[in-house]
Asker: 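Input: one structure, supplied below.
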Amino acid sequence: MSKATVLRPRMSEKTYGLSQANNVFVFDVPMTVNKVQVKEAVQAQFEVTVENVRIIIVKGKRKASVRKRARGVMGKRADYKKAYVSLKEGDSIPIFAAIEEADAAEKKAEEKAAKKAKKEEKK
């Protein structure tokens, strides 16, 4: 089941911070998998060494929706499971690679603009 397990990385500022500071990556996983299956799936898909897996189940929120000419109806979002995967020191998963490349490109553009402004001041 390790290769068939679908791992969707959670893309947020909090998970980005965890990945940079603690080498911990967060995935949305199916409700039926356990820690061992998550570990095997991450190792098979990303070819890294997993040290620790922590799993939590997030309960779905209750939400009200309003229909035209009718009373409000209460509904519930689906529950979902998150896996926090700690990797061995030196291993990494390139989940946020595009974000880091965009940050690097933005810094280069800012530096270029600053140099151009300095040149114009000298003239």
Side-chain angles (χ1 to χ4, degrees):
M1 178 161 193
S2 64
K3 290 214 176 197
T5 302
V6 177
L7 299 171
R8 287 185 313 248
R10 291 193 60 88
M11 304 292 283
S12 68
E13 291 179 12
K14 186 175 183 179
T15 59
Y16 178 72
L18 281 172
S19 69
Q20 296 299 310
N22 302 334
N23 208 22
V24 174
F25 294 87
V26 184
F27 297 94
D28 284 333
V29 295
M31 293 291 285
T32 56
V33 299
N34 59 27
K35 290 181 179 186
V36 175
Q37 292 169 332
V38 170
K39 179 178 179 177
E40 290 172 356
V42 170
Q43 288 179 342
Q45 287 181 16
F46 299 107
E47 299 175 357
V48 293
T49 305
V50 175
E51 288 187 344
N52 188 21
V53 176
R54 293 174 292 146
I55 291 182
I56 64 168
I57 295 173
V58 180
K59 301 294 182 186
K61 294 181 179 180
R62 296 191 48 85
K63 290 290 181 178
S65 63
V66 180
R67 296 184 181 169
K68 275 188 174 179
R69 298 185 211 120
R71 290 185 178 168
V73 177
M74 289 301 291
K76 182 178 178 276
R77 290 185 183 167
D79 299 343
Y80 61 95
K81 188 181 272 192
K82 290 195 296 189
Y84 289 81
V85 179
S86 300
L87 300 182
K88 178 182 159 188
E89 191 68 35
D91 286 352
S92 182
I93 299 173
I95 293 172
F96 297 104
I99 294 172
E100 291 170 357
E101 289 174 5
D103 289 344
E106 188 176 304
K107 285 182 183 179
K108 282 185 179 180
E110 288 175 2
E111 289 174 3
K112 212 176 210 184
K115 285 182 182 179
K116 191 174 184 181
K118 276 188 177 182
K119 278 186 177 181
E120 289 179 6
E121 286 179 6
K122 288 182 180 179
K123 289 182 180 181

Asker: What pairs of residues pass the side-chain hydrogen bond (donor to acceptor under 3.5 Å, both in side chains) test when at least one of them lies in residues 55-68, not counting sequence neighbours?
Answerer: none
Asker: What pairs with Lys76 under side chain to side chain donor-acceptor pair (under 3.5 Å), at least two apart in sequence or on another chain?
Answerer: Asp79
Asker: Do Val58 and Val26 share a hydrophobic cluster, counting only Ile, Leu, Val, Met, Phe, Trp and Tyr and linking them when any side-chain heavy atoms are less than 4.5 Å apart?
Answerer: yes
Asker: Scan the side chains in residues 83-91 for donor-acceptor partners under 3.5 Å anywhere in the protein, sequence neighbours excluded, and list what turns up.
Answerer:
from	atom 1	to	atom 2	distance (Å)
Tyr84	OH	Lys82	NZ	3.4
Asp91	OD2	Thr49	N	2.8

Asker: Can you name the residues that form a salt bridge (charged side-chain N to carboxylate O under 4.0 Å, His left out) with Asp28, not counting sequence neighbours?
Answerer: Arg10
Asker: When rounded to the nearest 0.5 angstrom, what distance separates OG1 in Thr5 from CG in Asn34?
Answerer: 9.0 Å
Asker: What's in the same ILVMFWY side-chain cluster as Val73, cut-off under 4.5 Å, chained through other members?
Answerer: none
Asker: Just jot down the side-chain contact (heavy atoms from CB on, under 4.5 Å) partners of Lys81, sequence neighbours excluded, or say none.
Answerer: Val29, Met31, Ile55, Ile57
Asker: Closest heavy-atom contact between Val53 and Lys39?
Answerer: CG2-CB, 4.1 Å
Asker: Do Phe27 and Ile93 make a side-chain contact, defined as non-hydrogen atoms from C-beta onward lying under 4.5 Å apart?
Answerer: yes
Asker: Show every salt bridge (charged side-chain N to carboxylate O under 4.0 Å, His left out) that has at least one partner inside residues 45-55, sequence neighbours left out.
Answerer: none
Asker: Restricting to side chain to side chain donor-acceptor pair (under 3.5 Å), what partner residues turn up for Asn22, sequence neighbours left out?
Answerer: none
Asker: Treat each ILVMFWY residue as a node, draw an edge where side-chain heavy atoms are under 4.5 Å apart, and state whether Phe25 and Leu18 are in one component.
Answerer: no
Asker: Same cluster for Val48 and Val24 if Ile/Leu/Val/Met/Phe/Trp/Tyr side chains link at under 4.5 Å?
Answerer: no
Asker: When clusters are formed by joining ILVMFWY residues with side-chain heavy atoms under 4.5 Å apart, either directly or through shared neighbours, do Tyr80 and Val42 land in the same one?
Answerer: no
Asker: For the hydrophobic clusters of this structure (ILVMFWY residues joined by side-chain heavy atoms under 4.5 Å, transitively), does one cluster hold both Val50 and Leu7?
Answerer: yes
